[in-house]
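Step one of this worksheet: look at the structure below.
Just so you know, ligand 1 is whichever comes first in the structure, and atom 1 is the first atom listed for that ligand. This one's a predicted model, so the numbers in the text were calculated from it and none came from an experiment.
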Amino acid sequence: MAGDAIVAEELTYRYDELVAVDHISFKVAEGEILGFLGPNGAGKSTTVKVLTGQLQPREGKVTVLGIDITRDPEKVQAQIGVCFEITNLYEKMSAEENLKLFARLFGVSDFDAGALLERVGLAGRERDRVEEYSKGMKQRLMVARALVNRPSILFLDEPTDGLDPASAENIRKVILEERERGATVFLTTHDMMEADKLSDRVGFINQGKIVALDTPHNLKQQYGKRALRAQIAGPDGGLESREIIMDQPETVEAVQELFGQEQVVTIHSEEASLEDIFIDITGRGLTE
Ligand code: ADP
Ligand code: MG
């Protein structure tokens, strides 16, 4: 059985009086993708900064790859890759030079910048200066840079936020390839589709607290309502919509009534989205 790559116990971080991360506890198994889903200001970036040793926890404990992050941050940092929200690349240098510099810093000897740039869709542009890159290209280069040391854990803070669809899709592909390689991924996002698609488990974070953490499937089973949505012919020739909640004592009768008494034009089943469930639990949406 795989061990735990990350263990957070009662982790708390405050900016002066403001509690940004409030006694959160969770584990991420080796080889797992954990999606950390929450709206702006929920505490996602602060959590990533504490997990990666950029900020010191005010309370609680973080163990990454078996090492207490406050005891030996350098040892942890050598084995992880991080991609923060704000791009901090050398703009006057090319993509290739940025990566080679990082490889030297990490002491990676057999480094193939071309192969890595190919993976993030930057082949052909590797010698152009980063200042000439679009936002999506810079972000893909940030992801490539996080992979230079072949990290055991990849921390990605909203890596696809505000990107063009092709860049976002490229980054999602690379995330899945990394898990294939055996890496653990800690991914923050406020995109529920992304969290649903990529994550083995999803943690919902709201106001610094984890309010749910499970597989997307289990979250939907536990909190979501499945429904049948039908369109029926209305009296004046228009269409009317009907919804029947599934798995209820009255479901069968409602379906029989629908087909017996109405002219059903279309019918399909619907599953609650992670956003619906997030709203159910927290009373707020992911993008407000
Ligand atoms: P998220 O990444 O989910 O948007 P953050 O971790 O950035 O959330 O922020 C959590 C809370 O901490 C927010 O209320 C935010 O305003 C506050 N915060 C973040 N960074 C700082 C900072 N450097 N100084 C003071 N407050 C901060
Ligand atoms: Mg953030």
Run the side-chain donor-acceptor check on residues 205-213: report pairs under 3.5 Å with partners two or more places apart or on a different chain.
residue, atom, partner, partner atom, Å
Asn206, OD1, Arg284, NH1, 2.7
Lys209, NZ, Asp22, OD2, 2.8

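Side chain to side chain, Gln139 and Ser167 fail the donor-acceptor criterion of an N or O pair below 3.5 Å.
Remark: Tyr13 engages Tyr15 in a ring pair (Phe, Tyr, Trp, His ring centres under 6.0 Å) (not counting sequence neighbours).
Each of Tyr15, Leu18, Ala20, Pro39, Asn40, Gly41, Ala42, Gly43, Lys44, Ser45, Thr46 has a non-hydrogen atom positioned under 4.0 Å from some atom of ligand 1.
Nearest heavy-atom pair, Asn149 versus Val108, reported as atom, atom and distance to 0.1 Å: CA-CG2, 3.9 Å.
Within the 2.8 Å limit, Asn40 places no N, O or S atom next to the Mg ion (ligand 2).
Residues Ile171 and Arg140 meet the side-chain proximity criterion, which asks for heavy atoms closer than 4.5 Å.
Residue pairs meeting the side-chain hydrogen bond (donor to acceptor under 3.5 Å, both in side chains) criterion with at least one partner in residues 231-240, sequence neighbours excluded, are Gln231-Thr266, Glu240-Arg242.
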